[in-house]
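Take a look at the structure below.
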Amino acid sequence: MAALLEVTDLGKHFGGFTALEAINFSVAAGERVGLIGPNGSGKSTLVNCLCGTLRNESGSVRFDGRAVDGLAAHQRTRLGMARSFQLPKPFASMTLADNIRIPLLYTVNARHGRHLSPAELDERCAELLQLVGLAGKARQRPRELTQVEMRKLELARAMAAEPKLLIADEAMAGLSHSEIDDILALLSTLNERGITVILIEHIMRAVMSFSERLVVLVAGRKIADGLPQEVTRNPEVVKAYIGE
Amino acid sequence: MRAPTFWLVASLVGAAFFGLSLLVPNQYYFQAGYVVLQYIVLATAWNILGGYTGYVNFGVAAFFALGAYSSVALYKLAPLPIPVLVLIGGAVSGVVGLGMGYLTLRLRGAFFSIATLAMAVVMQTLITNWDYVGGSRGAYILRPAQVPILGNYIVYLFLVMLILSVIAIGVARSIERSRLGFGFASIRDDEQAAEAAGVPTLRLKLVATTLSGALMGMAGAPLPYYVTYLDPSSGFSLSYAVNSIAMPLIGGMTNWIGPLVGALFLGTIQQLATVTISSALNLLIVGLLLVGFVVVAPNGIVGLVERLIAAARNRR
């Protein structure tokens with residue numbers, strides 16, 4: 001299968017600090033990839049470079065057959081790359097429905113082709129909230145939500161952009177056992193609908209049950225890439241997590 | 001209410017207001033009313049950038065005075081009718097707004113605000129040293145005493161400013177309910193999340209600074225004809241910025257009604273204080289009201305009313 005995302009020799013520095021060095025990996029369309037690594041290993045920096053929030057100084061990112069280097073974050077979103085944030089960033093002054101409306105207006109309606117009418121927009125907002133189980137709260141504001149609902153809103157907003165690739169940045173941190181299962185089930189549903197998912201996560205139970213493949217970052221380098229069972233037995237990975 | 005209907009209603013309200021104003025026997029009413037209307041335009045313009053998009057602009061005086069000084073410059077060159085001056089003043093300040101936006105919008109929060117304040121100082125220095133428009137001595141404008149149909153020239157200026165108020169409010173209201181308005185609000189709430197949702201944040205912020213600047217310039221363009229003598233220290237007076245920020249804060253920043261209510265409320269109080277006590281009190285009034293509103297109604301008059309309505313509904 002052709003690669004949807006291809007990262008070649010990607011490097012990022014903050015002053016004298018090398019956050020990422022020569023990262024190479026690719027993700028096939030429809031794949032579920034887990035990206036793991038200890039704190040400070042560069043996972044979030046990598047996500048930010050992929051999504052265009054940060055600019056990588058070296059290397060390149062190809063998405064869906066075209067180089068996206070130099071494109072702003074909103075342009076990458078329009079190409080079909082959506083993300084959720086590690087700390088939920090809802091639009092606090094808007095209702096949940098309007099939170100979903102933003103990506104519909106600025107991504108779906110910004111692409112070429114047919115534009116959604118106001119009635120269709122309302123319908124689509126309701127559908128997406130339904131999908132994540134927030135249908136009853138469409139007119140509430142984000143501050144009234146619990147942590148897990150906030151994560152679901154993040155995912156629904158990312159989904160509204162009709163992405164080909166969803167990058168879920170620690171969508172489960174701080175959640176309870178059953179809440180994690182909720183989010184995992186949701187991500188699996190999305191994947192079954194044909195969306196490629198990159199899951200950045202600390203919770204190994206979640207990563208292991210969800211991912212078809214694991215990519216491990218340690219101190220800004222990729223040290224392993226392969227089947228989850230093999231990767232977790234890799235001595236280098238064990239060393240990074242547990243020490244010698 | 002759909003946008004065309006709103007424009008129609010706003011125009012009718014404006015026309016009715018002007019009709020009623022003509023019944024007022026006192027000429028001073030128009031003199032004072034002009035200032036209040038001017039603040040409706042300034043507060044509404046400020047709110048497009050400050051309230052909708054969340055970028056606090058302290059450089060109101062610069063945009064306003066640039067509009068006024070383009071009229072002065074054109075007066076020296078070839079006197080033009082006021083509506084033309086308004087368009088030119090708006091264009092000049094709009095272009096400056098675009099330029100300022102381009103230079104400063106990579107700054108956020110307080111840094112952006114400081115940059116706008118600095119820009120106002122730079123503009124004032126430039127104008128003060130530009131001899132053609134009078135430099136620090138200021139410029140005199142000779143205006144006709146009468147205009148056809150309306151008679152008194154002040155009534156004419158009052159009408160121009162009233163039309164500008166209707167336009168400013170119409171523009172603000174249209175933005176609020178549009179895709180653009182949703183984009184602005186997403187930038188105000190969280191810029192990074194807005195970008196991730198596909199909102200071209202830089203472009204939208206430039207639209208906001210340009211629109212906001214243009215409306216301020218339009219409000220400033222008739223000023224030289226109103227005051228007949230304009231010097232840099234009065235044109236660039238800090239009180240324009242203070243008032244234009246205080247009015248949306250007091251009225252409410254989330255929709256078009258807030259700046260309108262705030263400008264009517266604060267502007268009228270200031271005009272009353274000017275005739276009954278002293279104009280020196282004006283900034284003190286603003287200060288006291290701001291402190292009061294921050295404590296009692298942090299979301300402004302509109303927010304307070306909304307809260308009271310919600311409370312009344314819950315009691316039932």
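Heavy atoms only: backbone and side chains are in, while hydrogens, waters and symmetry mates are out. These figures come from a predicted structure and were not determined experimentally. All chains are named by letter (A, B, ...) in the order of the sequence lines, taking the proteins before the strands, and each is independently numbered beginning at 1.
In this structure, chain B has no heavy atom under 4.5 Å from any part of A:Ala161. Using a 4.5 Å cut-off between heavy atoms, A:Ala110 touches chain B through backbone and side chain atoms alike. Using a 4.5 Å cut-off between heavy atoms, A:Ser93 contacts chain B through both its backbone and its side chain. No part of A:Arg76 comes within reach of chain B, as not one of its non-hydrogen atoms sits under 4.5 angstrom from that chain. Of the two parts of B:Leu204, only the side chain, counted from C-beta on, holds a non-hydrogen atom closer than 4.5 Å to a non-hydrogen atom of chain A.
By the 4.5 Å heavy-atom criterion applied to side chains, A:Tyr106 and B:Ser186 are not counted as neighbours. Using a 4.5 Å heavy-atom threshold, the side chains of A:Met94 and B:Asp189 count as touching. Inter-residue side-chain proximity for A:Leu105 and B:Arg179 is flagged as met; some heavy-atom pair is nearer than 4.5 Å.
For A:Arg55, the CZ atom is densely surrounded, since the number of other residues' heavy atoms within 6.0 Å is greater than 12. Other residues, nucleotides and ligands contribute only 12 or fewer heavy atoms inside 6.0 Å of the CZ atom of B:Phe111. Around the CD atom of A:Gln130, the shell of radius 6.0 Å holds no more than 12 heavy atoms that belong to other residues, nucleotides or ligands.
Minimum interatomic distance between A:Arg83 and B:Ala196 (heavy atoms only, all atoms of both residues): CG-CB, 4.1 Å. Residues A:Lys89 and B:Ala193 approach most closely at O-CB, 3.4 Å, considering heavy atoms. In this structure, A:Asn48 and B:Gln192 approach most closely via the heavy-atom pair OD1-NE2, 4.2 Å. A pairwise comparison of heavy atoms in B:Ala197 and A:Ile102 identifies CB-CG2, 3.9 Å as the closest pair.
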